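Have a look at the structure below before the remarks.
What you see is a predicted model, and the numbers here were worked out from it, not measured in a lab. Residue indices begin at 1 and follow the sequence shown.
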Amino acid sequence: MRALAKIKNLKSDNCKHIIVRNLSRILDIRILDIDIETRTLSFLYQNNSTFVKVKRELFHIGFPITQCTYQESKQRTGHVQYMESTVAF
């Protein structure tokens with residue numbers, strides 16, 4: 001699954017480094033992009049419990065998720081369908 005999260009307090013390259021360092025401990029995620037200008041973090045994760053770990057870790061290091069758009073792929077016969085939903089925290 002893929003998530004695009006708006007991150008509070010994401011203001012500098014140092015913030016970006018802290019996020020990468022701390023999230024790298026969580027094995028079931030892959031960071032795709034961190035954009036300081038839009039204060040967003042894009043990442044892939046395996047399951048809902050992994051997303052909860054990411055959310056908890058970001059909160060503990062001072063970068064809570066304020067809004068998140070989820071994109072889940074569903075395999076159908078012959079094609080992939082993506083379902084998207086947005087949640088504000």
Q: For R25, enumerate each residue passing the side-chain hydrogen bond (donor to acceptor under 3.5 Å, both in side chains) test, keeping only those at least two apart in sequence or located in another chain.
A: N22

Q | Donor-acceptor under 3.5 Å (R39 side chain, L10 main chain) | A | yes

Q. I19 and I61: which non-hydrogen atoms are nearest, and at how many Å?
A. CA-CD1, 4.2 Å

Q.
Between I7 and C15, is there a side-chain heavy-atom distance shorter than 4.5 Å?
A. no

Q: Show the numbers, then the answer: is there a side chain to side chain contact (heavy atoms under 4.5 Å, CB included) between I31 and I29?
A: CA-CA 7 Å; I31 296 172; I29 73 158; 4.3 Å; yes

Q: Starting at NZ of K8, measure out to CG of L58 and round the result to the nearest 0.5 Å.
A: 13.5 Å

Q. Nearest heavy-atom pair of N9 and G62: which atoms, and what distance?
A. ND2-O, 2.9 Å

Q. Distance from F51 atom CZ to I65 atom CD1, nearest 0.5 Å?
A. 4.0 Å

Q.
Please report the interatomic distance CG(L44) to CG(D28), rounded to the nearest 0.5 Å.
A. 11.5 Å

Q: Report yes or no: does D35 contribute a side-chain atom to a donor-acceptor pair with the main-chain N or O of T40 at less than 3.5 Å?
A: no

Q. Measuring from I26:CD1 to E57:CD, what's the distance to the nearest 0.5 Å?
A. 5.5 Å

Q: Would you check, one step at a time, whether the test side chain to side chain contact (heavy atoms under 4.5 Å, CB included) holds for K6 with C68?
A: CA-CA 6 Å; K6 290 240 181 216; C68 190; over 6 Å; no

Q: Give, for atom CG of L23 and atom CD1 of I18, the distance between the pair rounded to the nearest 0.5 Å.
A: 11.5 Å

Q) Do the rings of Y70 and Y45 sit parallel, tilted or perpendicular, given the 30° and 60° boundaries? A) perpendicular

Q: Mind checking the CD1-CZ spacing from I34 to F43? Nearest 0.5 Å is all I need.
A: 10.5 Å

Q: Output all residues satisfying side-chain hydrogen bond (donor to acceptor under 3.5 Å, both in side chains) with S12, sequence neighbours left out; order by chain, then residue number.
A: none

